[in-house]
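To keep things clear, I will list the structure first and then write my remarks on it.
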Protein chains: 2
Amino acid sequence: MDHIDRVLLAQLQQDATQSYAALGQAAGLSAGAAHERVRKLRERGVIRRTTIEVDPAAVGSAVLAYVLVDSTSWMGDSADAFAALSEVLEAHIIAGSASVLVKVRTATTEQLQDVLRRIYAIDGVSGTQATVVLETFFERPLSPQAADQT
Amino acid sequence: MDHIDRVLLAQLQQDATQSYAALGQAAGLSAGAAHERVRKLRERGVIRRTTIEVDPAAVGSAVLAYVLVDSTSWMGDSADAFAALSEVLEAHIIAGSASVLVKVRTATTEQLQDVLRRIYAIDGVSGTQATVVLETFFERPLSPQAADQT
DNA sequence: GCTGAAACGAGACATGC
DNA sequence: GCATGTCTCGTTTCAGC
């Protein structure tokens, strides 16, 4: 994980369709060397996968909400229960009053209500506090150059 | 945005490196037709970009936190101020007591504290409530088949 | 571990349906 | 709007440094 790797990661985040020749040029490498570096980054799991960013509104998911989930028991083994809800995009165990924080996208507020109902049905869940997003300023990937000490 | 487009989007989200031949096969199309569909999805902005998913821990961002930002004035024009902080990955205006919700990744809790300090320095911000994530169950992209009415 | 070149496979495009 | 075929370009691999 040197500076060159960081440049490669930043470049690929911006545009993963660019050629290894262009990638190498940005990092000061030949196409072959760039390819080898990227292959190793994938192998080591630094690059988890190559994917596309989809416009949520275009696929009918205009409503974004964060939900604090209160519970009466330890929620450490409930990952699968949340993962089973396709509208739940993230689920985290948090430090604080509520025990789980989830990010949810739905087409309508009615559907959001339905998701909350299904979250409530999960074992140990005693309550939910939903916070609806009115406007998203931005959502962006982690920038590798933000952290420079690994 | 028919069923075929949804299959293409779901396939590309899982693996954007697969060939158009494989993509077409999954959707019941030829490689050329699949290519044309994807080109139009990009053109229309449904596909925003092709990117990579990076392991946050591997680039030295092990700490994840959500921060509720309280304010004394309208925060609708403060998008740039939050975007200037590279550790801030998302910023949303929310309905509720606090006015802005941001997602932050840093290497250490000390760095998180520094980000909070810089958020506090933004015009109109009167307070912050940070919630630190202890364990992430999962983070995944929006599944196009979750919404079927566009 | 990088460079440069050579073989292979995929992407882009035109034609016809 | 999709299928087929051709040409071009990028990816991938390997010898050499």
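Naming: A, B, ... by sequence-line order, numbering from 1 per chain.
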Worksheet item: Looking at S143(B) and Q13(B), what are the two nearest heavy atoms and their distance?
Response: CA-OE1, 4.1 Å
Worksheet entry | Residues E139(A), R48(B): salt bridge by 4.0 Å N-O rule | no
Worksheet entry | Heavy atoms from other residues, nucleotides or ligands near CD of E135(A) exceed 12 (cutoff 6.0 Å) | yes
Worksheet item: When you check the gap from the basic side-chain N to the acidic O, do K40(B) and E43(B) get nearer than 4.0 Å?
Response: no
Fill in: chain A footprint on DNA chain C, 5' to 3' - any atom under 4.0 Å from a heavy atom
dG1(C) to dT3(C)
Worksheet item: To the nearest angstrom, how far is I4(B) atom CD1 from dC2(D) atom P?
Response: 7 Å
Worksheet item: Does E36(B) CD have over 12 foreign heavy atoms under 6.0 Å away?
Response: yes
Worksheet item: Within the structure shown, what part of the strands sits under 4.0 Å from S19(A) by heavy-atom distance: base, sugar-phosphate, or nothing?
Response: sugar-phosphate
Worksheet item: Does a side chain donor of either S99(B) or S71(B) reach within less than 3.5 Å of an acceptor in the other side chain?
Response: yes
Worksheet item: What heavy-atom pair brings E87(A) and R118(A) nearest, and what distance separates the two atoms?
Response: OE2-NH2, 3.1 Å
Discussion item. Restricting to non-hydrogen atoms, name the atom on G45(A) and the atom on D55(B) that form the minimum distance, rounded to 0.1 Å.
Written reply: O-CB, 3.5 Å
Practice prompt. Spell out protein contact along nucleotides 12-17 of chain D as letters: B when the base is contacted, S when just the sugar-phosphate is, - when no protein heavy atom is under 4.0 Å; keep the 5' to 3' order.
Written response: S-----
